[in-house]
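Structure, as structure tokens:
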Amino acid sequence: MELIKDKKDIENSLMNLLEKYSIQVNGSIQLFGRSKPGVLNLQPGYEFLESHEENNPVPLLTWRMRRKFIELEKILANNVVEEPCLFRISCSASIDKWSLSSILYRELDLCEFIGNGKIVSLQATINESEVANLIVKLDNSILCSIEVSTQLPHNSVLQDRHEVIGRRGVASDLVVDTQVGQSSVYTFTEQGEITYTDTDMELFGFDNDQIDHIRAAFQVLKEPGLIDEWQQQHEHLVYLLNAVFESGKKRQRINLKTESTYTHETN
Amino acid sequence: MKPIKIAILSLTHGHSRKYFQTLKENPNLEWVAVSAETEKIKNVFLRGNYGIPCYTNEQEMFDQHPEIEAVVMASANDKHLEQFKACAERKINILCMKVPSFDMEEYKEMMDMVEKSGIVCQIELELHYNPVMARIKQLVSGNELGEISAINATNITLSPVWAFPWQNSPEQSYGKRIQLSSGDNRFRGGSLADHPHVFDMIRSLTNSEFDYIYAEAGQNIRKDIQVEDNLLVSGKMKNGISFLFDPSWSRLEERLEVPGPGWEIYPKRMEVNVSISGEKGVLLADCFGPNVYHNGAPNDRYTVQYTYFDEWIGMMDEFVDCIRNKKIPRINLKWHKQTVEAMNACYESIASGNVVYL
């Protein structure tokens with residue numbers, strides 16, 4: 001049996017990576033908890049949605065470290081799939097790990113990251129804090145659907161799909177003719193079916209969200225220029241989230257004129 | 001730690017390009033030179049703009065770069081012995097491709113050279129550094145499946161012979177021209193010679209050695225190559241665990257001279273899938289999945305785009321650690337000898353039609 005990796009393990013692993021790759025860090029960093037004065041606070045961006053931090057937190061777009069999203073982004077950037085027209089996103093999660101806002105924050109960012117564009121309009125239909133369906137358009141004219149739900153049972157593995165349809169080709173993180181993600185290892189024993197998906201040997205034993213957190217923190221410490229970029233994207237995502245809930249409330253499409261302001265337009 | 005000054009030899013092995021990124025990014029390695037077998041291979045390498053000097057004369061490279069401490073021996077199997085001699089003379093540490101030699105006398109010569117010169121020699125069996133394999137090892141050693149009855153595995157790929165023609169040359173791949181079996185117009189040195197991983201893996205997982213092996217070659221999938229591309233292997237380990245392996249080149253390929261996008265015809269160009277049956281249950285694993293998928297350029301075919309290939313990071317970390325800290329690699333010549341003997345036993349079995357005891 002394996003011990004569950006905790007916060008201390010995550011911090012130690014980041015330190016080990018920094019040492020291995022000779023990355024010098026000036027000052028203190030933290031990966032969890034409320035921001036402390038003078039300490040670089042490296043946490044997934046959605047952790048900073050509710051707080052009004054005075055200490056300049058560094059919102060991490062951790063999912064951008066996940067290799068399936070990196071490859072999808074490359075497939076579009078390298079014109080393997082040409083002239084993308086439609087982007088279909090779906091993500092179901094459990095409320096013990098995700099809120100509607102946090103999951104929307106993640107998927108809105110992935111929409112722009114993989115789609116290589118900025119959202120210029122959105123229309124949202126929202127049921128309480130459980131479900132949101134969005135129709136979104138990027139500034140490169142890709143039309144996108146984003147379906148999110150927080151109604152998976154507690155402790156469930158997040159189920160997501162990201163599929164881009166172009167005039168030449170389709171790219172997806174789900175294999176054709178399937179509805180759920182594959183795992184790399186399945187065991188069928190008296191304990192039932194247990195699955196494992198291990199993708200990172202340097203961080204073996206951590207779950208994928210922990211790996212993304214460590215990798216994203218490592219990346220901003222390695223490339224400090226990324227801090228500004230991600231802080232700006234965080235501000236942008238906060239505006240988008242506000243627009244999503246406003247659209248849902250008013251039952252209106254919202255056109256966003258720039259990255260940080262938006263105007264309303266009745267359907 | 002002082003970075004190890006390293007070079008790549010020959011550039012004729014299909015794995016050569018896997019090292020380029022690792023050698024650039026690992027701060028404990030300083031990539032100083034490359035030797036290429038031909039001008040054509042040199043030109044392909046130079047197009048990558050790596051900023052590393054490339055020589056077509058290995059001797060000249062060694063003379064120009066006396067600082068070289070280690071090499072990745074990315075060459076045809078028949079080149080290994082001479083390269084071992086050159087490296088042992090210069091006390092240069094070796095990371096050797098999958099099969100140092102099928103000739104066990106040559107193999108012994110290599111072992112003696114390594115021992116006498118005191119260099120580190122690690123064999124490139126990257127599956128040991130694959131995270132899925134690490135999970136399988138953990139589950140098996142943790143007794144999650146109870147006593148194991150069978151370990152079956154595929155190690156199937158497309159055929160690399162069009163890009164790396166030495167793999168279609170019995171002399172260059174197997175070391176000599178030996179007919180596969182009486183009356184067969186094919187020779188040893190094909191897909192079996194390319195796929196030692198599963199033979200190595202089962203020894204590592206079971207802590208046991210081969211008892212007997214039976215192998216049978218089917219008709220070739222590619223009619224125009226002179227080495228085997230289609231075979232199955234079964235047998236038992238000394239501790240009673242049975243196995244069935246498929247080490248074929250059973251995924252068709254476009255006949256590219258330089259590997260790249262669109263090489264595969266079947267969507268997934270390489271697969272190592274493992275199934276283990278034990279008294280407590282069954283394990284199924286895909287060592288290179290899940291991935292992402294597309295049907296875009298260049299051929300509009302449904303294609304698996306792999307999402308992880310970081311085995312080379314862990315492998316090079318171990319190589320560095322062994323050189324700097326005077327350690328013996330896990331996959332050394334002595335350990336690997338019985339894997340090569342098992343592969344030779346497969347060829348003997350194909351020739352005789354009988355089980356071969358080891």
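Just so you know, these numbers use all the heavy atoms, side chains as well, and skip hydrogens, waters and symmetry mates. None of these values were measured; they are calculated from a predicted model.
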Please tell me whether B:Phe245 and B:Phe243 form a close aromatic pair, meaning their ring centres lie under 6.0 Å apart. yes

Do A:Asp173 and A:Lys68 meet the salt-bridge criterion of a basic N to acidic O distance under 4.0 Å? yes

Residues B:Lys5 and B:Glu30 bridged, charged N to O under 4.0 Å: yes

Please assess B:Trp31 against B:Phe20 for the test ring-ring contact (aromatic ring centres under 6.0 Å, His included), listing each intermediate value before the final yes or no. CA-CA 9 Å; B:Trp31 187 11; B:Phe20 298 168; 5.5 Å; yes

Is chain B contacted by the side chain of [X], its backbone, both, or neither, given a heavy-atom distance below 4.5 Å?
{"X": "A:Val164", "answer": "neither"}
{"X": "A:Thr199", "answer": "both"}
{"X": "A:Asp200", "answer": "both"}
{"X": "A:Leu203", "answer": "neither"}
{"X": "A:Ser183", "answer": "backbone"}

Select, from B:Gly289, B:Gly296, B:Gly314, B:Ala297, the one with the greatest count of heavy-atom pairs under 4.5 Å involving chain A. B:Ala297

Is there a donor in the side chain of [X] and an acceptor in the side chain of [Y], or the other way round, less than 3.5 Å apart?
{"X": "A:Asp109", "Y": "A:Trp63", "result": "yes"}
{"X": "A:His162", "Y": "A:Ser172", "result": "no"}
{"X": "A:Gln233", "Y": "A:Glu112", "result": "yes"}
{"X": "A:His213", "Y": "A:Gln43", "result": "no"}

Test side-chain hydrogen bond (donor to acceptor under 3.5 Å, both in side chains) applied to A:Glu71 - qualifying residues, sequence neighbours left out: A:Lys74, B:Gln305

Please state whether the side chain, the backbone, both or neither of [X] comes within less than 4.5 Å of a heavy atom of chain A.
{"X": "B:Pro298", "result": "backbone"}
{"X": "B:Asn130", "result": "backbone"}
{"X": "B:Leu145", "result": "side chain"}
{"X": "B:Glu25", "result": "backbone"}
{"X": "B:Asn291", "result": "backbone"}
{"X": "B:Tyr302", "result": "side chain"}

Between A:Ile70, A:Ile75, A:Leu72, A:Asn79, which has the largest tally of heavy atom pairs under 4.5 Å with chain B? A:Ile75

